[in-house]
Amino acid sequence: MAEKKELTHPQYKADRDVVTNLLNGEPTDFNLIELARLRIRYDGFPGARDIQQDLDKALTNWSLSEDELMTKTRDIHQQEMLYKAQRTKKEDWS
């Protein structure tokens, strides 16, 4: 049986910094959006296990389930363009 190769995500370095900030931060609207964005990015990704584990820790630290996180971020996005306006002037969902 062939082993699955662990891959390095092209956004790993920048994402690692964001995840570290999330672990040390509070569940602000912006941080919730970042957590949801990265959970979507790394869902099923064959690598970056440390990031995936830390994203789980952030959810636990903030006493949220995956469903609660996604509901909150959908509500935030309906109210305003927080991510685009505050972060980079462009969206980065890849």
Heavy-atom count check: over 12 atoms from other residues, nucleotides or ligands less than 6.0 Å from E6 CD? yes

Please check: side-chain N/O of Q79 versus main-chain N/O of R74, any donor-acceptor pairing under 3.5 Å? no

Using modelled atom types and a 3.5 Å cut-off, is there a donor and acceptor pairing between side-chain atoms of N31 and backbone atoms of E26? yes

Is there a side-chain contact between N61 and L23 in this structure, where contact means two heavy atoms from C-beta onward sitting under 4.5 Å apart? yes

Ion pair present between D56 and R39, side-chain N to carboxylate O less than 4.0 angstrom? yes

Any non-hydrogen side-chain atom of M70 less than 4.5 Å from a side-chain atom of T73? yes

Stepwise, does the side-chain contact (heavy atoms from CB on, under 4.5 Å) test hold for F30 with I76? CA-CA 9 Å; F30 183 73; I76 293 165; over 6 Å; no

The reported gap from OH in Y42 to CG in D15 (rounded to nearest 0.5 angstrom) is 3.5 Å

Apply the side chain to side chain contact (heavy atoms under 4.5 Å, CB included) test between L35 and each candidate in I40, V18, L59; give the one that qualifies. L59

Distance from R41 atom CZ to Q52 atom CD, nearest 0.5 Å? 12.5 Å

Please check if any side-chain donor atom of D17 sits under 3.5 Å from a side-chain acceptor atom of Y12, or the reverse. no

K57/D54 ion pair, N-O < 4.0 Å: yes

I want to check something: taking the side chain as every heavy atom from C-beta on, are W62 and L69 in contact at a cut-off of under 4.5 Å? no

